[in-house]
Amino acid sequence: MKTKYLASFCLLGASLLAAPAADPALVARQQIADLRREIARHDDRYHRQAAPAISDADFDALKRRLAGLEREHPAAAVTAPAPPEIGDDRTGLFRTQPHRERMLSLEKAFKEADLRAWHARLAKRLGREDLSYVIEPKYDGLAVSLTYVRGRLIRAVTRGNGSEGDDITANVIQMAGLPRELAGDPLPEFIEVRGEVYVPFDTFARVNAAREAAGETLFANPRNLAAGTVRQLDAQEVAGRGLRLVCYAVGGCEPRAALPATQRELTRQFRAWGLPAIEESWSAGGSHEMVLAVAACGRARGVLAFPVDGAVVKLDSLALQREVGAGENSPRWAIAFKFAPERAETQVLAITIQVGRTGVFTPVAELAPVRLAGTTVARATLHNRDEIGRKDIRVGDTVYVEKAGEIIPAIVGVNHARRPAGASPFVFPEKCPDCGAGVAQRAGEVAARCGNATCPAQLRRRIEHFASKACVDIEGLGPAMIEALVTKGWVKDLPDLYRLYRPDLLTVGRNNAPSVDRLLAAIEASKRVELWRVIHGLGLPQVGAVAARELARKHRSLAALAVAEPRHQVLIASLLEAGVRPVVPGSDGTRLEGKTFVLTGTLPTLSRAQATGKIEAAGGHVAGSVGRRTHYVVVGADSGTKREEARKLGVPEIDEAGLLRLLAEPNQ
Ligand code: IVH
């Protein structure tokens, strides 16, 4: 946990160093100005770019540090440049729409004392102690306001600057579970329903897996996926992303009498209108019960299927809510208790060294498996030698693992009280654990690496990368097979994959003829995938999927790439000699020009990457989800919801044979 605040301390350290002997008031003013700028920058990344650079916990720590400085130096707080009042998520890409009633954010509580102080303030303001509360999970997504006029949805708007937000109606109406008409009679003449668009953990995992297969960048967390999707300019893409909505409050409403008396009844009323509402909440009378209920909500968070970053405590009575009203940025009737990032304790069973495809050693903690934020964690990277030393992590230690809204878990500390007697500091190996070659460390680099250019571990990792779904996608070439190919000496470099001998393969493990033939067919098919996939697979330094696409567009053939990349000429020439002939979208004719395809299920012979390659090579486009602009859905075995969606929209279905027929038609 301690490390989480490093960002703020470093930042302050920097400004202190910049003015070593200056007047303390001036130093404070500079610090306050720096912090305000820093916070505004992170706020912009979070709200407008949907790409936060730091965790929520770090962001909150920055804000607390600022509040502390402002309290200590009130004069400096007044003269330092002011921060923006409230986060602003307007992007400039959408029309904006005003909110009838301002959309505020919530005051935050980090500890029990903050909750008790908030209760005391309310009790004083209302002149009574016996206040009833409802405690709800704080969904970690994107706030939206849905306007219904006489029960009809007329628009959906983001919070924006609180007064007006982006009109995202076209995207939001693609979401399943959002009623365009409210049910029941009588209905309010006008109502702004406030809620959160969010993504459940399983949907998040599915979307990222598909993006990985397509070589696209991954979303860091479900919140970014939700925020990125509602800002998507192509509304058709939204339907397949599995966004969900939950409604939890009301803005403007006419007549006000259309609303029930309490927050708890409001949840029931939402449901009666057909709106998705809070499923689980806690009731409490007075501050003691309220604190217990917040803790109960925190415990429940571990089993919820969607991301929750806190608990929202609300006055139950809507009349009292209106009576206390709102301050400048937040209502007085609610407060958000922020949970610490989800954390689990588990044991380090071993520390292993992974040799990457460029030889870099990455120490990895092998953990006793533990559930954390929707997934089971059994490994965590320790980054490098220095990091292990800094944290002094030893085999046998009990460690804290956290996922601060991100997908990759991190070890944030050691529970020293539980260190077994005799646990000794980890000794970083002096030799490559795989080939025994000495460790090389390049000047200016923290990473230690294996200095042997022919290290089998590096080769295995290069093959794994080349054969992965994001690259040439050779199905059936898994780690065990790769290990065998390298150990037997049949594959010494990537091109050798195209020179395998069937009788040899039949001698490996339990491989039977059909699986060997399937593997050979997959290897053969990988010769004709898109050029960028092959370039990505080569693993050139600094060339990921995005740069590979650019290189493919620029060079349009392996031969041309070889001329531009002299260092890799031999490897590329050898692939060409082995018969690798990747395709370039658009160069193989235009017969599918302007046609959009959606692939679903497993096709009998083509992998997803190959089918995509063929469609794009013929000028077509492959989309992730079915919409009204989809021309064909290509259906394989075990197809899922996309097929149902296609039937609903009347999109024609074809199978692999149908696709191949379309591809074989002459250009018109
Ligand atoms: S009530 C101020 N209830 O948290 C308007 N908000 O940080 C009343 N949120 O802007 C909000 N779950 O986007 C409320 N159960 C819940 C919530 C919730 C998530 C979000 C909402 C709000 C933000 C404040």
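Just follow the structure's listing: the first ligand is 1, and inside any ligand the first atom is 1.
- Of the N or O atoms in Lys108, none lie within a sub-3.5 Å distance of an N or O in ligand 1.
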*Mind running side-chain hydrogen bond (donor to acceptor under 3.5 Å, both in side chains) on Arg643 and Thr600 for me, showing each step along the way?*
CA-CA 7 Å; Arg643 184 179 200 176; Thr600 176; over 6 Å; no

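- Geometrically, ligand 1 and Ala249 share no nitrogen or oxygen pair separated by less than 3.5 Å.
- Between Tyr139 and Phe306, the distance from one ring center to the other falls under 6.0 angstrom.
- A distance-only check finds no donor-acceptor pair linking the side chain of Asn415 to the backbone of Thr398 [under 3.5 Å].
- Annotation for ligand 1: atoms under 4.0 Å from non-hydrogen atoms of Pro331 are 2 (C).
- At least one heavy atom of Pro137 sits closer than 4.0 Å to an atom of ligand 1.
- Although no hydrogens or angles enter the test, the distance criterion places no donor-acceptor pair under 3.5 Å between the side chain of Ser283 and the main chain of Val134.
- Considering backbone and side-chain atoms alike, Lys314 places an N or O below 3.5 Å from some N or O of ligand 1.
- Ring centroids of Trp118 and Phe337 are separated by 6.0 Å or more, keeping the two rings apart.
- On a distance-only criterion, Tyr139 and ligand 1 share at least one N/O pair closer than 3.5 Å.
- In this structure, Glu196 counts as a contact residue of ligand 1, since one of its heavy atoms falls inside 4.0 Å of the ligand.
- In summary, the atoms of ligand 1 found under 4.0 Å from a heavy atom of Ile278, numbered by their order in the structure, are 15 (N).
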